[in-house]
Amino acid sequence: MDHSLERVTAGRGWTAALARGGGLCAVPGVGGSADGTTAEFLPIAIVLAAFTGVAVWMFRRWGGQAAGEPATAPIGDARPANA
Amino acid sequence: MKRVSVALWIAAAGAVVQIIALTGNFYETTGRNAEPKSAWFGIPHASDLILASALVALVAAGLSVANRQPVRGRTLGLIVGAVGLLATLQLVYRMIVPPFGCLRFGCGLTPKADVNLLMAIWAALAGCVAVTLGGFLHAFSATAQRTPARPRLAARQTGMTPWLGLAAVGATAMFVFPFTLFSLYTVAGFYGQRGETTWGGWLSIPHTSSLVLALTLAVVGLVIAAGRRRSPLGTGALGATIALLALVAAARLLYRILDDPFATAGGAENVPVGTVTVELVGYLGLAGGLLAVAAGIVHAAQHRQPETERSAAGEAATSPTS
C-alpha cells in the first residue's frame, strides 16, 4: 500500500482530504519570528497585554482580602478527607 | 454498594491493553531500509492521547472502587467514554493516514518510505475501543445511575485568592505562548532547505507540548476547584502542589530551550542543520511557568500560619465590636 505524501494528497478521495488536513497541521507557527517588525510582535504583545490585564483585574477583585481569611462566608458543605 | 459495573472493569482492562500496546512498535517501514517504528516517537500526540485515555479510565475505576468518585457515576462513565473516543478517532486517523514513513522528527515533510501496520497498533485500537465502549456502557448502567458523587474535600477552603488566579494565568501562558499560534523555533537549513523555516512548538516538541498542556489543565482545574470551595487539598498543600506542577512544566520548557530538537533536522547525517533560534515566545512561556511557581509558593506561605492564629484573626474580622 503506497502511503507516500504525493500519491495520497494528489487524489480526490476522502483519504486525500485527510492527508491534506494532516499536512496543514504541519504548517509552522504563524507569528512571532524574530525579524524585528512590529507586525511580527503585535500578536505577542496583544496576548501578553491580555494576560497582564487579567492578572491586574484579579488583584483588584480578590486582592483586598487578608491572607487566610475566607473570601465570603465560611463553607458549609466541605467534608474532611476521612468523612 | 456496588459502584463499579462490568463495563467499567472492561474499560479498565482496555486501559491496561492501551498502555502495553504503547510499549510496542506501531509501524514498519518497507523497502531497502525496512525497520520497525515505535508508537512513542512515531505518532507522539496520538500516543499521548492514548496514554491520557488509559490514565483517565484507570483513575476513574480506582476512585470508584475507593468510593471517592469526584462526580456522579454517570458523568464519570461519560468522561471515560469521551476521552476514549477521542483516542480511538485519532488512532484510526493515524492508521488510515500514517505519517508517510517519516516516523522520526526531523526527516522533513518529504515521504521517506511506505509503512505496514504492526500488531501493537491493532492492540492499541482494541484497547481504545474497549475503553470507549466500557465508559459509555457504564454511564448508562443502573450501577452508575445510583452512584452519587463523593469527592474528597479539604476541611478548610480559602476560596479564590489573587495568587491562585495568578498561578492560573501563568500556567495558561506557559502553554499558549510556545504551543499555539506563535513560532517557537527558527531553523536555518532544515532538511537541506535554503533559507529559514519557522516551527511552532506543538509539532516540533510534541511530548513536551502534551505534558505542558496536561500540567496547565491540572493547575487551572485546581484553581477553579479552590475558587468554588471544592478543593481536594488543604490550603498549604494546594499552593505547594500548584508550584510543583508548574515547576515540572517550566523545567521541561527550559530543557527544550537549552536543547532544541533539531539536532537531526538535516534529515541525514550528511545534511547538517544550521542555526536554531529560540523565539521570544519560548521565554515568555518559561516566564509564565515560573510565575505560576512563585504564585503557588506565595499562596502556600500565606496559609501556613497556625490554626489558632487564623481562628483569632477570623473572629476579629467578623466580630461586631471590631
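Here the shortest heavy-atom pairing between A/M58 and B/P162 reads O-CB, 4.1 Å.
The only member of B/L284, B/V176, B/L291 that meets side-chain contact (heavy atoms from CB on, under 4.5 Å) when paired with A/F51 is B/V176.
For B/T172, there are no side-chain hydrogen bond (donor to acceptor under 3.5 Å, both in side chains) partners, not counting sequence neighbours.
In this structure, the separation between CG on A/L48 and CZ on B/F177 is 4.5 Å, given to the nearest 0.5 Å.
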task: Dump the intermediate steps for side chain to side chain contact (heavy atoms under 4.5 Å, CB included) on A/W62 and B/L164, then the final yes or no.
output: CA-CA 10 Å; A/W62 290 293; B/L164 286 178; over 6 Å; no
